[in-house]
Asks: 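Structure provided below as structure tokens; questions to follow.
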Amino acid sequence: DSLPPLAPRKKIAIFLPSLTAGGVARVMLQLAHAFVDDGHTVDLVLCRSQGEFMGQLPSQIRVLELKASPIWASRLVLTLGNFPAIRVLLLPILIPLKPPKSLVFLSDLIQYLQREKPNVLLAAKTHTNLVALWVAKLAKTATRVGGSEGTIVCVLKKTAIIDPLQ
């Protein structure tokens, strides 16, 4: 009985704002460890290479810190590269005074995808997911994108308010 051939090793990029302590960074770091253990190449692509989990990275994980561009430049790249979607981009991206913080890293992340050509780009959190999707479209590479959204479910329970004067 022969074993099936091993799956080909992949180059996986994980895009995060930083490694600041929290559930998202912890989960993505666990994924990175598991990918490395399975023999894949992992790049941790960060907006800021800071955070409590920076010291927990194995040497096999390459950490890259993206360079920010002026917000007007990022908006221009996104608009020109995706002009048919301008109506959708107006409200959340082009008009607000405070657009998503990770948007300023758009150009450098496009260059990373074109240069390194990872098989997969994983992201977590709403804004980094959106930037990852836009970057994949604008970079025109075969990189697949995976995003993760998490939320806290809060259940409110109706309680009777007791009037102390009754």
Side-chain angles (χ1 to χ4, degrees), residues 1-69 71 73-85 88-89 92-93 99-151:
D1 293 337
S2 64
L3 295 173
L6 294 174
R9 302 300 179 218
K10 303 286 184 191
K11 182 170 190 172
I12 301 168
I14 299 175
F15 173 48
L16 293 171
S18 69
L19 285 180
T20 304
V24 171
R26 184 179 306 110
V27 168
M28 295 306 269
L29 191 57
Q30 289 171 345
L31 269 176
H33 279 275
F35 291 142
V36 166
D37 290 345
D38 282 349
H40 301 290
T41 302
V42 176
D43 283 350
L44 195 57
V45 185
L46 303 173
C47 298
R48 291 174 311 283
S49 57
Q50 65 184 32
E52 292 79 0
F53 295 129
M54 287 298 294
Q56 298 179 20
L57 296 171
S59 60
Q60 301 95 323
I61 295 177
R62 184 170 70 150
V63 177
L64 296 119
E65 184 175 41
L66 296 171
K67 293 180 185 112
S69 298
I71 190 60
S74 296
R75 285 175 165 162
L76 184 63
V77 167
L78 187 56
T79 303
L80 294 177
N82 201 11
F83 193 76
V88 176
L89 296 172
I93 303 303
K101 291 178 183 176
S102 53
L103 186 62
V104 297
F105 301 98
L106 183 95
S107 293
D108 205 27
L109 190 56
I110 290 170
Q111 290 174 12
Y112 165 80
L113 254 60
Q114 291 172 336
R115 182 181 63 246
E116 300 293 332
K117 296 178 179 34
N119 300 98
V120 179
L121 174 64
L122 299 177
K125 294 190 168 189
T126 303
H127 294 133
T128 48
N129 286 339
L130 289 172
V131 169
L133 289 168
W134 292 326
V135 162
K137 180 176 174 50
L138 296 171
K140 297 179 178 146
T141 65
T143 302
R144 298 180 121 187
V145 177
S148 171
E149 284 290 328
T151 187

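The model shown is predicted, which means the values in this text are computed figures rather than measured ones.
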Asks: Quick check for you: to the nearest 0.5 Å, what is the distance between Phe15 atom CZ and Lys125 atom NZ?
Replies: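 Going from the CZ atom of Phe15 to the NZ atom of Lys125 covers 11.5 Å.
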Asks: Return the CZ to CG distance between Arg26 and Leu19, rounded to the nearest 0.5 Å.
Replies: 11.5 Å
Asks: Nearest 0.5 Å, please: how far is CG in Leu29 from CD in Glu52?
Replies: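 Result: 12.0 Å between the selected atoms.
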Asks: If every non-hydrogen atom of Ser49 is compared with every non-hydrogen atom of Glu65, which pair is closest and at what distance?
Replies: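 Scanning both residues, the minimum pair turns out to be N-OE2, 3.0 Å.
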Asks: Going from CG on Leu76 to CD1 on Ile71, what distance comes out if it is rounded to the nearest 0.5 angstrom?
Replies: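 Result: 11.5 Å between the selected atoms.
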Asks: Going by the side chain to side chain donor-acceptor pair (under 3.5 Å) test, which pairs reach into residues 10-24, not counting sequence neighbours?
Replies: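 Sorted pair list: Lys11-Glu116, Ser18-Thr20.
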Asks: Taking Arg62 for its side chain and Val45 for its backbone only, find out whether a donor-acceptor pair lies under 3.5 Å.
Replies: no
Asks: Is there side-chain contact between Ser69 and Ser74, with at least one heavy-atom pair below 4.5 Å?
Replies: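 The answer is yes, as the side chains (C-beta and beyond) meet within the 4.5 Å cut-off.
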Asks: Could you walk me through whether Phe35 and Leu122 pass side chain to side chain contact (heavy atoms under 4.5 Å, CB included), step by step?
Replies: CA-CA 12 Å; Phe35 291 142; Leu122 299 177; 3.6 Å; yes
Asks: Under 3.5 Å, side-chain donor or acceptor atoms of residues 103-113 against the rest of the protein: list the pairs with distances, not counting sequence neighbours.
Replies:
from   : atom 1 : to    : atom 2 : distance (Å)
Asp108 : OD2    : Lys67 : N      : 2.7
Tyr112 : OH     : Asp43 : OD2    : 2.7

Asks: If I take atom SG from residue Cys47 and atom CG from residue Leu64, how far apart are they, to the nearest 0.5 angstrom?
Replies: 12.0 Å
Asks: Tell me the closest heavy-atom pair linking Ile14 and Ala32, and the distance in Å.
Replies: CD1-CB, 3.8 Å
Asks: Output yes when a side-chain donor or acceptor of His33 lies under 3.5 Å from a complementary backbone atom of Gln56, and no otherwise.
Replies: yes
Asks: What is the distance from atom OG1 of Thr128 to atom CG of Leu46, rounded to the nearest 0.5 Å?
Replies: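 It comes to 11.0 Å.
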Asks: Identify all side-chain donor-acceptor contacts of residues 139-146 below 3.5 Å with residues at least two apart in sequence or on another chain.
Replies:
from   : atom 1 : to     : atom 2 : distance (Å)
Thr141 : OG1    : Thr143 : N      : 3.4
Thr141 : OG1    : Thr143 : OG1    : 3.1
Thr143 : OG1    : Pro118 : O      : 2.7

